[in-house]
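Quick caveat, the model's predicted, so the values are computed rather than measured. We number each residue from 1, following the sequence as shown.
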Amino acid sequence: MRTVTRPNRAAIWNRFVASDPGLLRLMAGLRTVGAIALTLVVLALRGAGPSLMVSGAMTAMVATFSIKEKHRGAQAVTLALGLPVAVLAMSLGAVLSTHTLAGDVCFIALIFVAVYCRRYGDRGTALGLIAFQIYFLSLFGGAAYSALAELCAALVIAFVCSAVVRFGVVAESTERVLKRLRKAFRARVAQLVSVQIDLLDADRDDVEKALDDVRVHTARLHESAMMIQDRLDEGTSDSASASLLQRRVAEAEIAAERLGILILTARSAEQADTLALHLPHAPLPAPGGVLQERDDTIATLHRDLDSLRVLVAGPVSGEHGTGVAQLRNRLLGYREEDNLPNAPAAVQDVFRGIGEAARAALGLRLALDGPQDEADDSPETKRSREELDAEDVSIAAEEHERDEPPPRGLDRPTTRAAVQVSVGSTLAIVGGELLSPQRWYWAVLTCWVVFLNTSSTGEILVKGYRRLLGTVLGVIAGVILAGVVGNHTWTAFALVLLFIFAMYFTAPVSYVLMSFFVTAMLGLLYTVLNTYSPAVLVLRIEETALGAICGMVAAAVVLPVHTDRRTDELLASVLVRLGDVTGAAVEQLSGGISLGLLDKARELDTALDDLRASTKPLTHPITPWRTRRRTARYIVALLETCAYHARSLAATAELLPYSRSVAADPRLKLAGRRISHNIDALVARVAYDVGDSFAETGASLAAMLEQQTPDSPRHDRVTGRVLRHLQRLDEGVIGLARPLGVRISTPGKKEARSTAR
């Protein structure tokens, strides 16, 4: 029984680790709940009443979740600065509680300053958030000047308890977080291999679902890779270690993603389009590929894909160490042409892909776990280790900063947002006072919240809708829970802690769920304060709707940033970075020297993530513009395809100085010229609205090279792979030209075709 239960528990834990990379959501929830619980215990021992306990609990929550810095020293400084800011905000709220007009003016000024302070990074954002939330708390709790001393004492207790939990009970470090992220990355690679096996087995009716699973797990793997890269500089001992780990993570991600494409190609009657992995409901290749009638080959692929999964997530030493070494030796053998099974070319490519993924897994294992026993290495494994060692020795830290002039004045996002939130909050105060002179502050809170982490009018619209939906559902739950809890104060506090944990755990996943738990928690707090009634929760819905509307009006009228403008800016940024990565990779693959290839690829991924987030209002199911939704999804999917091929080119180019199987080919520079020209044409159209730019199309890049260099030898297998990536990249860029309204010119034709954007 024990031998059966332990693997099952390990598998369940691995799934959880993969679902919450780095356990960031879990630790944030535990840290916040721990701070609140400790604060409640201390206040209860001091004989505090329910009202003071609610104020202390909410302060502990604010003091904990506001701080986002990664280093504990910076967190301590921000927490220390946050206490006087909180005391000042509470004092202002208590002193001005009887002066309505002065209090409203002070609240608006505080809101402006709090949003404007975001320009100073995480610390400015945290202090502004603390100031706003504590002033709001003074309104929510009805702070009075006579009780100010007790309230300030509760604030001090809450901040001290937050510090104790953060730095003692639930202590975190960037190194520990990075270690957990690396474990989650390996778990997600293993999960991706599992769904690729399902894709291999899927019949005609199940292939769409299997491919959807591959898409989802590929996106999750990419998310984990980006989270690791975001913490490399702080979580590693030096820049060389950070560069090494960045390279190994990128190699593993690319190898795993490429393996899925090779499997899809092998089980299809025609070449699989890489767009199928990025665009939901894309046309699938016709079934009937070379694997359809080869049961022996499928069995071998099953065995080797299972072995790859074990190699990624299995033990590195101990009683199973020899067995894992044997698996690694067999899979790495597929990198050598002599060890491939007798099968069609497409199937052999899958086995090569398994070999490359095994090499990436070996490099990742060495980077994460250090040197391992080499006694059972085969010659192929030894050669792979030599290549990896050569790369490790040569890696040097390189810093590349982009010198871009910062925006000034009202063009600065923080200044614009501060003005917008101030105007929206003013409207919310006026409207909220008309609805309820006692609880108008809920409208202001909603107006404030819908502006957090949003950059365009469309994003604010979607966030306001989601908050209203979550609030309505939370009110229903609050009515039910208030009736169940009754006058049981500690039961209510226990449920509050549970909901706060759920709120933080679900916040990155669903804003609707987070709003639901917030509202249900507030219903319980009203019960503790003996101010609960169904009418109060209904009023919360009305105030929430009013605040969301005021925020939307302010965003649409005051210094608006339209969604189209925002997405165009980010689209241009993605295209520029795509051109940078492609140009640098082709330069190195052609025999030149390019520095910081993987850094450029990282910047491309970051820009693409920003674009993907900005298009959510256009792709949301409630949007009435169906054509725009399809176009936006198509463009983002094409860019994801192009980014995959660009990352693959960069990873291959990084191998050049050390690999025995990859060599520079000067002819590749010819292939890159057309792609660079076409990307420049897209940038000119999107960023500068140049109407006479055009993109060139024509013969395949491989045919073009052979035509221009007829006396040169035909390209080898690796050069052929590079050409396939370049060809797909060329096709993706041409595909972008059509929806973006860039004319397409074919050599030999007099006129270029034009398309309307």
Which residue is it: Glu253, Glu257, Glu223? I am looking for the one with a salt bridge (charged side-chain N to carboxylate O under 4.0 Å, His left out) to Arg188. Glu223

Check the pair Ile635, Leu740 against side chain to side chain contact (heavy atoms under 4.5 Å, CB included), reporting the backbone distance first and the verdict last. CA-CA 9 Å; Ile635 289 174; Leu740 296 180; 3.9 Å; yes

Identify whether the distance between the nearest side-chain nitrogen and carboxylate oxygen of Glu251 and Arg248 falls below 4.0 Å. yes

May I ask you to check whether Phe185 and His222 place their ring centers less than 6.0 Å from one another? no

Let's go through Glu603 and Lys600 carefully: what are the C-alpha distance in whole Å and the side-chain angles of both, what is the deciding distance for salt bridge (charged side-chain N to carboxylate O under 4.0 Å, His left out) to 0.1 Å, and is it a yes or a no? CA-CA 5 Å; Glu603 291 173 358; Lys600 290 182 172 66; over 6 Å; no

To the closest 0.5 Å, what do you measure between [atom1] ([X]) and [atom2] ([Y])?
X	Y	atom1	atom2	answer
Leu211	Leu264	CG	CG	6.0 Å
Leu729	Asn678	CG	CG	10.0 Å
Leu726	Ile675	CG	CD1	4.5 Å
Ile354	Leu332	CD1	CG	11.5 Å
Arg303	Leu331	CZ	CG	8.5 Å

side-chain contact (heavy atoms from CB on, under 4.5 Å) partners for Ser510, two or more places apart: Val512, Leu513

Just to verify, what does Ala219 make a side-chain contact (heavy atoms from CB on, under 4.5 Å) with, not counting sequence neighbours? none

Would you say Tyr511 and Arg466 make side-chain contact, with heavy atoms under 4.5 Å? yes

Check the pair Arg309 / Asp306 against salt bridge (charged side-chain N to carboxylate O under 4.0 Å, His left out), numbers first and verdict last. CA-CA 5 Å; Arg309 181 171 51 190; Asp306 280 328; 2.3 Å; yes

Ignoring hydrogens and angles, state whether a donor on the side chain of Ser224 or Arg220 is under 3.5 Å from an acceptor on the partner side chain. no

Considering all heavy atoms of both residues, which atom of Leu181 and which atom of Met227 are nearest to each other, and what is their separation? CD1-O, 3.7 Å

Partners meeting salt bridge (Lys or Arg N to Asp or Glu O under 4.0 Å) with Asp609 (sequence neighbours left out): Arg612

Hey, which of Leu305, Leu192, Val214, Asp349 is the one that makes side chain to side chain contact (heavy atoms under 4.5 Å, CB included) with Leu259? Leu305

